[in-house]
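Working notes, structure below.
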Amino acid sequence: MMFGRIVIFEIKRAFHEINFKLSILIGQMIVLLDLCTFYAKYKDSDSVILVQAWIGTDFQFAYNSLFYILLPLLACMPYAGSYFADMQSGYEKNILLKIERKKYIAAKLIAVYSSASVCVVVPLLTNLFLAAGLFPDQLPNLLAFNTANIIDYNIFPALFYTRPVGYCLVFILLAGLFAGVFGMISVAISKWCRSSFSVIMFPFVLYIVTDTFFSYQQGNSVAIMEILNPIQKYIVTYKGLIVNYLVLVIGSFGVAWGVGRKRNVL
Amino acid sequence: MKNRYILGGLIVLLGVLLWTQRIISINQDNPTTYNYRLNQSISLDQVTLVPKDAYYLSAQDVVSRFRISGELFESSDVQNSKYILLQSKVVNHSKDDMEWKDVFSEFGSGFETKTWAGQSFSALASKINILKTDKLYAGQEQDIWFVSQVDPGCFKKRTWERLNVSMFRYVLRLEPKKIVIKLG
């Protein structure tokens, strides 16, 4: 079977999963609740701007924290457990009769990555799109001190104050990139898990634990949760962002590829 | 079944187009920022302000230039800070006298760069402003200083080293229209 066909097959499988729709629904509910709450409070205000209303930079309500805490779950729920399910159900044995193992693993990783990214990016983009129709896209007034406190030490500070929508889009992209990586982690550890629950929960636990241990009292952090949150409560660096991403991508791909290729199923 | 999907897709597309139109119309009425440079006259309700010169000084330079006591700069974080100052001439062109606190609150927003903002350092401003009279009388003009403390803790080392007076702006007012004086 050609590689392209198996990729398309896996992607179609991922995007037709009930959990995919459920994940998007949960994400959409969170972002819409945030927007409705914000609009209810500020609809009569003339000075409120888009970058205050978007969930990523809205520090006033708990929905920002809720979304970014649940991000790995939203990413892994759709299809990250599918490799584990395929191993348990015997589907893997069937499919490996028709295609090479490495193509199957690669297709699985692509499908998991893309479904995870979509489940995180779509709610954030929806929120940005809807908020843009309610509040104008104007530059934050630094001296009003009513937007997220982005300073020179943070990442993309100039972008926040000169192109706020660009800032939002960059962080949506980052959320999508890391969401895909969480899915890949799930695939990588599937061999050692005993249930699909643990496969899906592992990236979430890793996310929370690293935030606890790698966010320092001095105000800086190398934890993924703090890197992804556009409010940037902690100081994060470009180096931390890139290193985190590369380590996770290479690590999870390497484990999934290495273990998957060697696994004797037949 | 297929027709339902097509109909649903068309409805969603129509909704997106209408919302996009709303986004465009909501952003057409952008607030104006009035930008000025040094030596440009800025006429407001009762006063005219002419920004004359701007300085970016260390604590020592401020003490020696204005011949003030250094007690304000005794703590280490204040010693390491720098100070951005704007010298301006203010003219009361109205028929009424103005209290100095009203003059300073009229123009008292603060300084900003691309990624930093600082409000007026009133303790230092009260020391360096030598006011000839107890009020700004009608027709009177007077040189006044606006000053903010620039804390190195707000900047990366590389930005702090490259910071100079031309990177700063003084914000006279935020509302109803933003009035900004570029110092470079």
Side-chain angles (χ1 to χ4, degrees), chain A residues 16 28 32 35 39 43 45-51 53-54 122 125-168 218-220 232 235-240, chain B residues 5 12-13 15-33 35 84 105 107-120 146 148 150-163 167-181:
Chain A
H16 281 92
Q28 295 284 36
L32 288 174
L35 187 59
Y39 183 72
K43 60 177 183 254
S45 172
D46 288 333
S47 56
V48 172
I49 57 176
L50 174 59
V51 82
W54 179 59
V122 164
L125 278 177
T126 308
N127 183 263
L128 185 64
F129 184 65
L130 292 175
L134 298 173
F135 302 100
D137 173 31
Q138 292 167 11
L139 299 182
N141 264 320
L142 283 123
L143 280 161
F145 299 105
N146 57 6
T147 55
N149 188 27
I150 308 298
I151 61 173
D152 191 59
Y153 270 113
N154 293 124
I155 55 174
F156 309 112
L159 193 63
F160 180 78
Y161 290 110
T162 56
R163 296 271 187 273
V165 170
Y167 181 88
C168 299
Q218 294 92 327
N220 51 342
Q232 298 192 65
I235 307 287
V236 297
T237 59
Y238 296 110
K239 195 164 72 173
Chain B
Y5 280 127
V12 168
L13 185 64
V16 166
L17 287 171
L18 288 172
W19 198 257
T20 308
Q21 174 60 34
R22 185 187 163 97
I23 292 170
I24 293 168
S25 67
I26 217 174
N27 285 294
Q28 268 171 353
D29 184 28
N30 272 325
T32 314
T33 299
N35 290 301
I84 181 73
S105 64
F107 302 128
S109 284
F111 290 88
E112 59 180 38
T113 64
K114 247 190 207 170
T115 58
W116 168 89
Q119 289 176 319
S120 174
F146 302 108
S148 280
V150 187
D151 186 346
C154 297
F155 298 90
K156 287 192 277 249
K157 191 179 170 200
R158 200 166 54 169
T159 314
W160 178 251
E161 284 165 3
R162 287 188 306 181
L163 210 54
M167 292 174 163
F168 288 89
R169 305 182 289 262
Y170 185 72
V171 179
L172 271 181
R173 266 192 195 163
L174 284 173
E175 288 174 356
K177 301 286 182 190
K178 192 171 177 181
I179 302 175
V180 171
I181 303 168

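Just so it is clear, the structure is predicted and the values come from calculations on it, not from any experiment. Letters A, B, ... mirror the listed sequences (proteins, then strands); counts begin at 1.
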Fill in the blank from the handout: B:T115 and A:P157 have their tightest heavy-atom pair at CG2-CB, 3.6 Å

Handout entry: Toward chain B, the part of A:D46 with a non-hydrogen atom under 4.5 Å
Key = neither

Exercise for the section: Just give me the residue among A:L134, A:N154, A:I235 that pairs up with chain B most often, heavy atom to heavy atom, under 4.5 Å. Expected result: A:L134

Handout entry: Within 6.0 angstrom of B:K157 NZ, more than 12 heavy atoms from elsewhere
Key = no

Completion exercise
Rounding to 0.5 Å, atoms CG (A:L142) and NZ (B:K114) come to a distance of 12.0 Å

Fill in the blank from the handout: Cut-off 4.5 Å, heavy atoms of chain B, and the answer for A:L139 is neither

Problem - Heavy-atom contact with chain A under 4.5 Å, split by part of B:T20 - result: both

Exercise for the section: Please look at B:R169 and chain A and tell me whether the side chain, the backbone, both or neither of the residue comes under 4.5 angstrom of a heavy atom of that chain. Expected result: side chain

Handout entry: Neighbour count above 12 (heavy atom, 6.0 Å) for B:Y5 OH
Key = no

Handout entry: chain B contacts, top residue of A:A158, A:A132, A:P140 (heavy-atom pairs, under 4.5 Å)
Key = A:A132

Exercise for the section: Examine distances only and state if a side-chain atom of A:Y153 and a backbone atom of B:K156 form a donor-acceptor pair shorter than 3.5 Å. Expected result: no

Problem - chain B contact via A:L50 - side chain, backbone, both or neither, heavy atoms under 4.5 Å - result: neither

Problem - Proximal component of A:L143, with respect to chain B [non-hydrogen, under 4.5 Å] - result: both

Problem - Backbone of A:F129 reached by a side-chain donor or acceptor of B:W19 within 3.5 Å - result: yes

Problem - Atom CZ of A:R163 with >12 non-hydrogen neighbours under 6.0 angstrom - result: no

Exercise for the section: Determine, stepwise, if the pair B:E112 / A:Y161 fulfils side chain to side chain contact (heavy atoms under 4.5 Å, CB included). Expected result: CA-CA 11 Å; B:E112 59 180 38; A:Y161 290 110; over 6 Å; no

